[in-house]
Amino acid sequence: MRIASYNVENLFNRAKALDQRTWAAGRPVLEAFARAGELLEEPVYTDEVKHDILRELGRLGLRNADLAKFARLRQNRGRLLRRSRDGRVEVVAGGRGDWIGWVELTTDRCDETALLNTARVILDVRADVLGVVEAESRHALKRFTEGGLRGRYQHIMVVDGNDERGIDVGVMSTPDFPLAGQRTHVDDADERGRVFSRDCPEYHFELPGREERLVVLVNHLKSKGYGGKVASDAIRRRQAARVAEIYRAQRSPFVVVLGDLNDTPDSEPLAPLLRGTDLRDVSAHPGFDDGGRPGTYGYCTARNKLDYVLLSPALFAAATGGGIERRGVWGGRNGVLWPVYGTMTRAVHAGSDHAAIYADIDLHKLGSHIR
């Protein structure tokens, strides 16, 4: 059985702000979008809140029109703003209950060649169970599977998470490993509020000839891309701690935590998960082949190790190895740091800026285990 994780960077449509050449270019838009969303949910728009709303809408280009390059203001019922002919703009809603609407990011179609290379990575990895990060919806993932993956995956699931940009996490599996159950943690909260930026869904799969099920927890933790480092680190640590709790609560001995954890193995934010549990990173297995580079993102150096397949002790004991498939990642600035697909002649043709990572499990070695 091969279990893999792959950040596909959306399949058909992606927010324009996420498609900038560098994170620095898109960061102001994403920060303004996040802050505007928080302000618009205030039950009462005080003078201070109104001032801040106008400031963030200005950063998004939405003070003078409902549509800008990177964002759109939806005013479906009631009005948030009054725009006067003399150029004055004011917030006329008194609070969240006075109008129905929101701010959303505008999107562009993804490059067709990149989409084909995304499919090529998945077909070359040939995972039996694949955790998918940054899939915009179950419908999109299903269409992608039917059109580009030659019917390999029969079971496809995505649960909408908390990210309003349409970057959710999901899973696909072959007919030999039917999806038997699922549970969302989208509303999990601690003393600081909702925990997950997206979700940490549990997917339960049948294993051939066994009563125990394979449990896969798919994750996409808080990005370092925008927001202050201290705040982002704190959110990731809360998320890692909650994932660890969910893992420890599982009754099956066969559990995988996988996905884009957005930090390195030695980081403090991931410590509750990587050092506070008995999970083992498949990349530490003697049979793991990283192709000479430990990273899974960007230049694939050690500080770019962001994607993981973490195995419970019973699964790690039955692992035979694993690897990283990075031919769909543009190899550095000029695309020559490692072999890439021949159809990738420019960075925009990359299947993703993340490599796929996978673990191989010998089902005959699973034996009988009790956690």
Side-chain angles (χ1 to χ4, degrees), residues 1-6 125 127-133 155 157 169-174 176-185 188 196 199-221 239-261 263 265 267 269-288 296 305-324 356-371:
M1 172 178 61
R2 177 167 287 184
I3 304 169
S5 174
Y6 187 31
V125 170
D128 298 289
V129 178
L130 175 64
V132 180
V133 178
H155 308 283
M157 184 55 62
V169 296
V171 74
M172 305 191 296
S173 68
T174 59
D176 290 338
F177 300 91
L179 180 61
Q182 63 188 39
R183 180 183 180 185
T184 179
H185 290 276
D188 285 12
F196 292 112
D199 190 4
C200 173
E202 301 175 23
Y203 294 111
H204 298 246
F205 299 90
E206 294 181 10
L207 290 171
R210 305 193 66 91
E211 292 185 4
E212 303 101 329
R213 289 178 175 174
L214 172 71
V215 181
V216 180
L217 309 180
V218 188
N219 283 272
H220 186 190
L221 302 191
Q239 293 170 344
R242 180 58 186 142
V243 175
E245 291 175 352
I246 296 169
Y247 162 66
R248 286 190 286 264
Q250 300 304 316
R251 301 180 66 179
S252 172
F254 309 127
V255 185
V256 184
V257 175
L258 56 75
D260 179 358
L261 303 188
D263 222 327
S267 66
L270 298 189
L273 185 61
L274 300 186
R275 299 194 287 279
T277 70
D278 57 7
L279 287 162
R280 301 284 303 279
D281 189 340
V282 69
S283 63
H285 193 282
F288 187 84
T296 59
K305 158 71 168 168
L306 304 182
D307 302 271
Y308 296 78
V309 177
L310 307 176
L311 305 174
S312 61
L315 286 177
F316 193 84
T320 59
I324 298 174
I357 182 171
Y358 58 88
D360 290 327
I361 309 295
D362 186 342
L363 295 175
H364 298 294
K365 293 183 178 180
L366 290 180
S368 178
H369 296 269
I370 299 175
R371 285 192 71 190

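Numbering of residues begins at 1 and proceeds along the displayed sequence.
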A side-chain contact here means heavy atoms from C-beta on lying under 4.5 Å apart; do [X] and [Y] qualify?
| X | Y | result |
| --- | --- | --- |
| Y203 | H155 | no |
| L279 | L311 | no |
| L261 | V243 | no |
| V257 | L273 | yes |

Exercise. Do E245 and R248 meet the salt-bridge criterion of a basic N to acidic O distance under 4.0 Å?
Worked result: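 Not counted as a salt bridge, because no side-chain N and carboxylate O are separated by less than 4.0 Å.
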
Would a distance-only check, ignoring hydrogens and angles, find a side-chain to backbone donor-acceptor pair under 3.5 Å from [X] to [Y]?
| X | Y | result |
| --- | --- | --- |
| T277 | A244 | no |
| D281 | S283 | yes |
| R2 | V125 | yes |

Problem set entry | Residue list, salt bridge (charged side-chain N to carboxylate O under 4.0 Å, His left out) with D260, at least two apart or on another chain |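 Per chain and number, D260 pairs via salt bridge (charged side-chain N to carboxylate O under 4.0 Å, His left out) with no residue.
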
Problem set entry | Criterion side-chain contact (heavy atoms from CB on, under 4.5 Å) against I3, the qualifying member of L130, V256, D128 |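 Testing I3 for a side-chain contact (heavy atoms from CB on, under 4.5 Å) against L130, V256, D128 leaves exactly one candidate, V256.
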
For this session: Drop me the distance from H220's NE2 to L306's CG, to the nearest 0.5 angstrom.
Result: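 The CG atom of L306 is 9.0 Å from NE2 of H220, to the nearest 0.5 Å.
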
Exercise. Can you find a side-chain donor-acceptor pair between D263 and Y308 that sits under 3.5 Å?
Worked result: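 Not at all, the side chains of D263 and Y308 share no donor-acceptor pair under 3.5 Å.
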
For this session: Go through the side-chain N and O atoms of D176 and T174 and say whether any donor and acceptor fall under 3.5 Å apart.
Result: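 Per modelled atom types, D176 and T174 side chains form no pair under 3.5 Å.
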
